[in-house]
Participant: 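Here it is: the structure, laid out below.
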Amino acid sequence: MQRIAGLILALVLLSFFTGQAFADTTQGERLSRTCAGCHGTAGASPGKLIPIIGGQLQGYTLKALQGFAVESRPGSVMLKLAKGYSEEEQKQIATYFAAQPWVSTSHAVNTMLPADLAKRCQGCHGKKGKGKNNFPRIAGQHPEYLFQALLEYQQGERNDSLMMLTRKMDETTLQKLADAYAAIK
Amino acid sequence: MKRREFIKCSALGFGAISLFSPNVFASSHGGHSSKRIVVIGGGYGGMTAARYAKMIDPKMEVILVEKNPQFVSCPISNWVIGGMKKMDDITFGYQGLSARGIKVVRDEILGIDAKAGFVEGKLGKIEYDRLIVSPGIGFRYEGIDGFDANAQKSFLHAYKAGPQTLQLRQELVAMKPGGTVLMRVPDGFYRCPPGPYERASLIANYLKKNKKGSKLIILDPHKDIASKGKLFHQAWDAYYSDIIDFRTEEVIAAVDSGRKTVSTYEEEFKPDVVNFIPDQKAGALAFALGLVPKGKYWAPVNPVTFESTLVPNVHVIGDATDPKTSGPMPKSGFVANSMGKVAAAAAIAQLNGKKPAMPSLANTYYSMVNEDEAIFVTGVYKHDPASGENIKIAEASKTSPGRSKLYGRHAEDWATSIWSDMLS
C-alpha cells in the first residue's frame, strides 16, 4: 500500500517538474477575460480613468460589483455590465482579480504624501495604501481615477460615511492626495 | 527552431514584421513536436486569439499569419476621419506578439486541406493541429448598376482601416466650404452598427468647424438609425441640425464612377465627397477555406467553441461569423476580442482532451458624437444550454442615459486597453 502511495506521489511530483502542463481555467478567470477590453489584461488597466483592478482586494471589488448592479454606486458602463453576472459569478470575478499581480500606474508624478493627510487615510487604507478587507488598495492607482473618485465622494455622488472627510477638503487637497497615492508603488 | 533561438531572432528583427522560421513550412505532420495552433488574420479577433492561446498554454506553438505588414485599427479610425487623431495613432506592428514567442508570418492564405491538416499560402504550406480564422469582412456590390472595379476603387468605403481612411480624411480636408458630403449606410448584417453614425457625427463636426455651409447627406436603408438611435438624434439635433440631412429607407440603384454620382430610384446625387459603405459578407478568406455555405454570406459556427460547422478542427471568429449561429452579439472589435479568447481556450481544451468551457462574451461600444462627448451601449452574453444558443442578458445590455465628456474619456481609455490586450 505504501509503495503504491509512494508511486503516486512520485508521479504527482514528476508532473510538476516536467514543465508546466496546461491547467484548467477557473470560472472566475473565464468570466474575467472579457473585462480586459476596458480594464486591460488581468486587470492591469493602462488607461487613466478606467481603474486598475488586477490585484485589487477581493472584498472591495465584490462590493463595487454589487453596488454597480443595484446602482447604489455611481458609474457608467458598469451600471449595466455588472447586472450580467450573478452574485456567485461576481464573487468568482472578484477572487480572480485579487489573485492577479498589481501593476502600478505608469503616469504618476512623484508627490509626497503630507503626514497630516496620511494619518487620516491609513487607518482604513493601510500605511502604504495597500488596503485591507473591504477597503481598497489605492497605492499605485491611476491619479486621474483617484481624483475622479475623491471628487465623487466630495460631491456626495458616492456615498460612504467613512469618506465624508473629503467633504471638507478642497480640490487642491484632493488632487494632492490622488497624486501622492498614485505615486506609491 | 528552438524557442530560445527564436527569441534571439526576434530581438534582431525588432520592428520587422515578417519573422518566420523555416520549420513553419515543414512538410510532415510529425515535423513539429509540440501541438500547434495556427491563427489566420491579424486583427482584433486573430491577434487576441494568438496572444491568449500562448498565455493559456505557453508550451503550445502559436503561429499568426497576416497578409498586411501592419495593423490599422478600424475602431478609432472614425476619429482620424474627423480630424481628432492621426493614422500613426491607429497603426501598430506585431512585435509585441513576436516577443511572446508567437511566430508572426506575413503571407496570404489561399486554400486549405482540412483532411491533411494544413493551409496553403503564397509562401508555402503551414500545418496545424487547430486552426483559428478571423477573416473580417468583404463587400457586396451586386444589385447596384455601375459598381465595377473602377467604381469600387473611387467610391471610398473606408470600412477596412488603412489607406482609404487617410484618403477619405484628405478628401474632406480638400473639399471647398459649402460642398456636399454623401454617406451611404449599409443594409443587412454589417460591421459595427453604430460605426457609420459615429462617422457622420464626426464628419459633421469637422464640417461645422472648418467648412462653413457644407452639408452631409446620409442615405440610410433602415427605417431609422440602426444603433443608439435616440442618442445620435439628440446629438444631431443639438449640434448638426443645419448640416446633416438624414434620409431613411433609401435604396441605391446605381453609381457612376465617371461622373461621380450616386442614384436612388428617385434621385441622383452629385456630391463632392462620397463615403459609400457597401453591404457586407464574410472576408474572402472565409470563402477560400470553405467556411461559408453555398449562396450564403457568413460563416456558421458552434456557439460554445466557435468551431466551424462545415470544416473540422477550424474555429471562426469575429465579423465573419453568422449571427444566426454565433448569437446576438453585434459585429465589433470588442466582440471579436471576446471571441478570440473563447476560441483559443476551446482549441487548447480540445487539444488537451478536455471539455471546452462555456463562452463568456461581452461588448461595449463607445461612439463619439463630437471631439469630446461620447455615447455607449453595453452587452453581456451567455450560453443558454436549454436553447443551445448564445443569448443576450437584457438588463446588462443597455445604452447610456445620454452623452458626456466622461464617456468620451472612457472611450479613449478603452482603446488603449483593448490594444494592449491584443498587441503587447
Side-chain angles (χ1 to χ4, degrees), chain A residues 18-54 65 68-71 74-86 89-90 92-93 96 103 106-107 142 144-145 148 151-152 157, chain B residues 35 48 51-52 55-60 333-335 337-338 340-342 344-345 348-349 351-352 354-355 357-364 366 374 376-382 392-401 404 406-407 409-410 412-422 424:
Chain A
T18 48
Q20 193 189 357
F22 152 68
D24 279 342
T25 309
T26 60
Q27 162 124 315
E29 174 168 11
R30 187 178 61 74
L31 293 169
S32 304
R33 281 191 187 134
T34 47
C35 310
C38 293
H39 287 280
T41 310
S45 161
K48 295 185 172 154
L49 284 175
I50 299 182
I52 299 162
I53 57 177
L65 284 171
F68 284 133
V70 298
E71 302 200 26
S76 56
V77 296
M78 287 310 295
L79 294 177
K80 329 283 180 194
L81 294 168
K83 296 189 173 96
Y85 303 92
S86 68
E89 288 172 336
Q90 289 173 5
Q92 291 163 343
I93 291 169
Y96 165 77
V103 179
S106 61
H107 46 269
H142 296 307
E144 301 87 353
Y145 175 78
Q148 180 74 21
L151 214 56
E152 284 174 5
E157 283 165 30
Chain B
K35 299 261 181 195
T48 305
R51 187 171 181 269
Y52 272 75
M55 275 165 40
I56 295 169
D57 189 351
K59 290 183 83 181
M60 183 73 64
F334 200 118
V335 170
N337 166 276
S338 274
K341 295 168 188 179
V342 172
I348 289 170
L351 287 176
N352 282 282
K354 312 255 181 183
K355 186 166 179 259
M358 283 289 110
S360 171
L361 300 155
N363 185 50
T364 296
Y366 285 103
F376 67 76
V377 66
T378 61
V380 181
Y381 312 89
K382 66 176 184 192
K392 184 170 84 168
I393 300 173
E395 322 81 84
S397 311
K398 301 269 183 222
T399 53
S400 56
S404 88
L406 182 62
Y407 304 157
R409 295 194 59 192
H410 286 160
E412 175 102 49
D413 279 355
W414 164 79
T416 307
S417 242
I418 200 159
W419 287 336
S420 77
D421 192 43
M422 293 152 53
S424 69

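In what follows, every chain begins at residue 1, and chains take the letters A, B, ... in the order their sequences are listed.
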Participant: Please classify the contact between B/Met55 and chain A as side chain, backbone, both or neither, with a heavy-atom cut-off of under 4.5 Å.
Facilitator: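 Only the side chain of B/Met55 comes within 4.5 Å of chain A.
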Participant: So, do B/Glu412 and A/Leu49 sit near enough that their side-chain heavy atoms are less than 4.5 Å apart?
Facilitator: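 A side-chain contact is absent here, since even the closest heavy-atom pair is not under 4.5 Å.
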Participant: List the atom of B/Ser417, the atom of A/Gly37, and the distance in Å for their closest heavy-atom pair.
Facilitator: CB-O, 3.4 Å
Participant: Shortest non-hydrogen contact from B/His410 to A/Ile50?
Facilitator: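 Answer, listing the atom of B/His410 first, then A/Ile50: O-CD1, 3.8 Å.
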Participant: For the candidates A/Lys83, A/Gln148, A/Glu144, A/Gln27, which exhibits the highest count of non-hydrogen atom pairs separated by less than 4.5 Å from chain B?
Facilitator: A/Lys83
Participant: Name the region of B/Tyr366, side chain, backbone, both or neither, that has any atom closer than 4.5 Å to a heavy atom of chain A.
Facilitator: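 Side chain only.
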Participant: Heavy atoms, side chains only, cut-off 4.5 Å: are A/Lys80 and B/Glu395 in contact?
Facilitator: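 Of all side-chain heavy-atom pairs linking B/Glu395 with A/Lys80, none is under 4.5 Å.
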Participant: Can you tell me which of B/Arg409, B/Lys382, B/Met422, B/Lys392 forms the most heavy-atom pairs within a distance under 4.5 Å of chain A?
Facilitator: B/Arg409
Participant: Between B/Ile393 and chain A, which part of the residue has a heavy atom less than 4.5 Å away: side chain, backbone, both or neither?
Facilitator: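 Side chain of B/Ile393 only, per the 4.5 Å heavy-atom cut-off to chain A.
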Participant: Measuring heavy-atom distances to chain A, does B/Leu361 have an atom under 4.5 Å in its side chain, in its backbone, in both, or in neither?
Facilitator: backbone
Participant: For B/Asp413 and A/Lys48, indicate whether the former's side chain and the latter's backbone hold a donor-acceptor pair under 3.5 Å.
Facilitator: yes
Participant: Say you draw a straight line from NZ of B/Lys398 to CG of A/Leu81; how long is it, rounded to the nearest 0.5 Å?
Facilitator: 12.5 Å
Participant: Who wins among A/Gly40, A/Pro46, A/Gly47 for the most heavy-atom pairs under 4.5 Å with chain B?
Facilitator: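 Heavy-atom pair counts peak at A/Pro46.
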Participant: Checking heavy atoms, do the side chain of B/Thr364, its backbone, both or neither come under 4.5 Å from chain A?
Facilitator: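 For B/Thr364, side-chain heavy atoms alone lie under 4.5 Å from chain A.
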Participant: Where is the tightest heavy-atom contact between A/Ala36 and B/Lys341, given as atom of each residue plus distance?
Facilitator: CB-NZ, 3.5 Å
Participant: Just so I know, are the side chains of A/Cys38 and B/Phe334 near enough to count as touching, which here means a heavy-atom distance under 4.5 Å?
Facilitator: yes
Participant: If I compare all heavy atoms of A/Ser76 with all of B/Tyr407, which pair ends up nearest, and what's the gap?
Facilitator: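 In this case the closest contact between A/Ser76 and B/Tyr407 is CB-CE2, 3.4 Å.
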Participant: State whether a side-chain donor-acceptor pair under 3.5 Å links B/Ser338 with A/Arg33.
Facilitator: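 No donor-acceptor contact under 3.5 Å links the two side chains.
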Participant: Where on A/Glu29 is there a heavy atom nearer than 4.5 Å to chain B: the side chain, the backbone, both, or neither?
Facilitator: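 For A/Glu29, no heavy atom lies under 4.5 Å from chain B.
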Participant: Could you measure the distance from the OG atom of B/Ser360 to the CD1 atom of A/Ile93? Nearest 0.5 Å is fine.
Facilitator: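 Separation between the atoms: 7.0 Å.
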Participant: Would you say A/Thr41 and B/Tyr52 make side-chain contact, with heavy atoms under 4.5 Å?
Facilitator: yes
